[in-house]
Asks: 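I'd like to ask you about the structure that follows.
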Amino acid sequence: MFNQQDAPTEATIQYAAKLLKEGKIVALPTETVYGLGACARHPKAIQKIYAIKKRPASNPLIIHLSEFSAIEHYAIQIPKIAYKLAETFWPGPLTLVLNKHPSVLDLVTGGQNSVALRIPNHPIALKLIETLGEGIAAPSANLSGCISPSKAEHVQKTIGNKVDYILDGGPCSVGIESTIVSLLEEKPLILREGQILAEDIAHCLGVKSIASQVHYRKLYPVKNSHSATNEPITPGLSLKHYAPNKDLFLLESFEFATQVQHYIDLKKACSLLSFKKTKEKYAASLNAHLYIQHWIALDENPEIYAQSLYDVLHQLDEDKSECILVEAPPKISTWAAILDRLQRASYK
Ligand code: TXA
Ligand code: MG
């Protein structure tokens, strides 16, 4: 287990910045999830990121900055709405896709002419970027397609032996990845849902609504078959993503108890993730059963739910169950990001 005594100090942040300058890899906390950081101007370090994550070279990285003025060193032809969004939401869980500055390495952008930028809202990340004096390219610090890390120990257990240093900033306060908005066309387009909602962005820009490329699919918990429509244009958003090693089935709330009973009747050891009130309602009838390994109940507030989601999935992926049965959240905008992550985690 990762040693909590290693909480970052001024000196360890200086040390981590020195490592980054030398082309080494540092896992760093942000408010969303932990990032696998490399100096954005260091080609060899960027290559290491792709190798560690086993990530396709075509899937670009987000560059993390610590101050507004740095945008202009990484992007060109920046539209006015970018400044408006940045002023409102930075530092924070919003990533803007803009036209890339010619000096940005093609390795970072997967060969695209665009670049994804964000100022994270985490004092350790900000201090590290400031000390380095350059942007930090950082994808989530997990193996490609697997569950993202919301605690330093998640990084330690999965890729800890491949990184040069881990800065432990405690549990991430948001817990799921940033909202990504493309500003390449006249109208903004949401590429990935996050804590900042489409309506927050619309409100900030004084428009009625913002288009999103994220679509919901009907849930098929038992048959495991979907038709793959609406292929995402974000290279990293494959239909299967954020997934535990074992099967995860996303069950409609109204049939959660009957589906769980169905698995129990098949004598399958399962672990459950539901809302608190569902557990209260059904725990007496289902919980006593031998086949339920763990039953974790989360809050009905999406922001509190998101803080625990990846930690819970890491825990349930390691227990003795054969599969994880998850009660689907409501299909409303405040749950959009969580529903999206769970759908990708359950995709077969
Ligand atoms: O909250 C976050 O965004 C975290 C923390 C560490 O900042 N980072 C993160 O990075 O989630 P990653 O690499 O796991 O996901 C970034 C997503 C990928 O799906 C990638 O394809 C997309 O951003 N992306 C990056 N650059 C892009 C670009 N130029 N155009 C479109 N999508 C881009
Ligand atoms: Mg990721």
Side-chain angles (χ1 to χ4, degrees), residues 2 6 8 12-13 16-17 19-21 23-42 45-55 59-66 70 74 90-97 105 107-110 115-132 134-160 162-180 192 194-195 234 236 241-242 306 310-311 314 341:
F2 188 69
D6 291 338
T12 52
I13 295 173
L19 292 177
L20 289 171
K21 252 179 213 144
K24 302 219 164 85
I25 305 302
V26 173
L28 67 149
T30 81
E31 80 282 33
T32 58
V33 296
Y34 275 73
L36 188 63
C39 173
R41 305 284 193 197
H42 205 302
I46 302 298
Q47 279 167 337
K48 281 188 213 164
I49 296 277
Y50 283 94
I52 293 172
K53 273 189 71 92
K54 300 193 170 74
R55 179 173 173 126
N59 186 3
L61 309 178
I62 296 172
I63 299 181
H64 299 72
L65 307 173
S66 63
Y74 292 88
W90 283 356
L94 180 71
T95 296
L96 300 178
V97 174
L105 294 170
L107 281 170
V108 172
T109 65
V115 64
L117 302 177
R118 146 170 138 84
I119 300 187
N121 189 13
H122 195 292
I124 295 169
L126 292 172
K127 185 81 196 157
L128 184 67
I129 300 161
E130 196 189 306
T131 312
L132 177 66
E134 287 291 356
I136 295 182
S140 51
N142 53 296
L143 291 173
S144 201
C146 297
I147 311 168
S148 296
S150 56
K151 289 180 170 176
E153 53 257 45
H154 300 153
V155 183
Q156 177 65 25
K157 115 187 141 178
T158 49
I159 51 172
K162 300 200 176 89
V163 303
D164 297 294
Y165 200 61
I166 300 175
L167 285 166
D168 185 351
C172 300
S173 60
V174 173
I176 53 170
E177 300 81 353
S178 60
T179 306
I180 304 181
R192 181 174 70 186
Q195 191 190 64
T234 306
H241 208 115
Y242 314 106
Y310 289 145
D311 189 42
H314 276 282
R341 304 309 189 270

Asks: Any idea which heavy atoms bring V33 and S148 closest together, and the distance?
Replies: CG1-CB, 4.1 Å
Asks: Is there side-chain contact between H154 and I147, with heavy atoms separated by less than 4.5 Å?
Replies: no
Asks: Against the six-membered ring of Y74, is R41 placed for a cation-pi contact (under 6.0 Å from the centre, within 45° of the normal)?
Replies: yes
Asks: For I46 and A137, which heavy atoms make the closest approach, and how far apart are they?
Replies: CD1-CB, 3.7 Å
Asks: Determine whether a donor-acceptor pair (N or O, by modelled atom type, separation under 3.5 Å) exists between the side chain of S178 and the backbone of L94.
Replies: no
Asks: I want to check something: taking the side chain as every heavy atom from C-beta on, are L36 and V163 in contact at a cut-off of under 4.5 Å?
Replies: yes
Asks: Any chance you could measure Y310, atom OH, to T32, atom OG1, to the nearest 0.5 Å?
Replies: 9.5 Å
Asks: Considering only heavy atoms from C-beta outward, does the side chain of I180 approach that of L96 to under 4.5 Å?
Replies: no
Asks: Drop me the distance from L107's CG to H42's NE2, to the nearest 0.5 angstrom.
Replies: 12.0 Å
Asks: Taking K162 for the side chain and K48 for the main chain, is one N or O donor matched with an acceptor at less than 3.5 Å?
Replies: no
Asks: Within the structure provided, determine whether R55 and L61 are in side-chain contact (heavy-atom separation under 4.5 Å).
Replies: yes
Asks: Using distance alone, with no hydrogens and no angle criterion, decide if R192 and T95 have a side-chain donor and acceptor under 3.5 Å apart.
Replies: no
Asks: Could you report the tightest heavy-atom contact between A45 and G23, atom names first, then the distance?
Replies: CB-O, 3.5 Å
Asks: Take I166 and V26 through the test side-chain contact (heavy atoms from CB on, under 4.5 Å) and record every step on the way to the result.
Replies: CA-CA 6 Å; I166 300 175; V26 173; over 6 Å; no
Asks: Just by distance, do the side chain of H64 and the backbone of I136 share a donor-acceptor pair under 3.5 Å?
Replies: yes
Asks: Does N121 offer a backbone N or O that forms a donor-acceptor pair with the side chain of E31 under 3.5 Å?
Replies: yes
Asks: Please report the closest heavy-atom contact between A116 and V97, naming both atoms and the distance.
Replies: CB-CG2, 4.1 Å
Asks: Drop me the distance from L126's CG to I119's CD1, to the nearest 0.5 angstrom.
Replies: 7.5 Å
Asks: To the nearest 0.5 Å, what is the distance between OH on Y34 and OG on S140?
Replies: 14.0 Å
Asks: Tell me which one of L105, I129, T109, V115 satisfies side-chain contact (heavy atoms from CB on, under 4.5 Å) with I63.
Replies: V115
Asks: Hey, are the side chains of I25 and I49 touching, using non-hydrogen atoms and a 4.5 Å cut-off?
Replies: yes
Asks: Please examine the side chains of K21 and C39, heavy atoms only from C-beta on, and report whether any two atoms are closer than 4.5 Å.
Replies: no
Asks: Would you mind reporting whether L117 and W90 have side-chain heavy atoms less than 4.5 Å apart?
Replies: yes
Asks: Given side-chain contact (heavy atoms from CB on, under 4.5 Å), test L128 with L167 step by step and report yes or no.
Replies: CA-CA 10 Å; L128 184 67; L167 285 166; 3.9 Å; yes
Asks: Nearest 0.5 Å, what's the CD1-OG1 distance between I13 and T131?
Replies: 6.5 Å
Asks: Provide the closest heavy-atom pair for A138 versus G37 in the form atom of the first, atom of the second, distance.
Replies: CB-CA, 3.9 Å
Asks: Mind checking the OG-OH spacing from S144 to Y50? Nearest 0.5 Å is all I need.
Replies: 10.0 Å
Asks: Side chains of H314 and K157: do they bring a donor and an acceptor to under 3.5 Å?
Replies: yes
Asks: Heavy atoms only: give me the nearest A17-L132 pair and the separation to one decimal.
Replies: O-CD1, 3.8 Å
Asks: Please examine the side chains of N142 and K53, heavy atoms only from C-beta on, and report whether any two atoms are closer than 4.5 Å.
Replies: yes
Asks: Set out, in order, the CA-CA distance, both residues' side-chain angles and the distance that settles salt bridge (charged side-chain N to carboxylate O under 4.0 Å, His left out) for E177 and R341, then state yes or no.
Replies: CA-CA 10 Å; E177 300 81 353; R341 304 309 189 270; 2.9 Å; yes
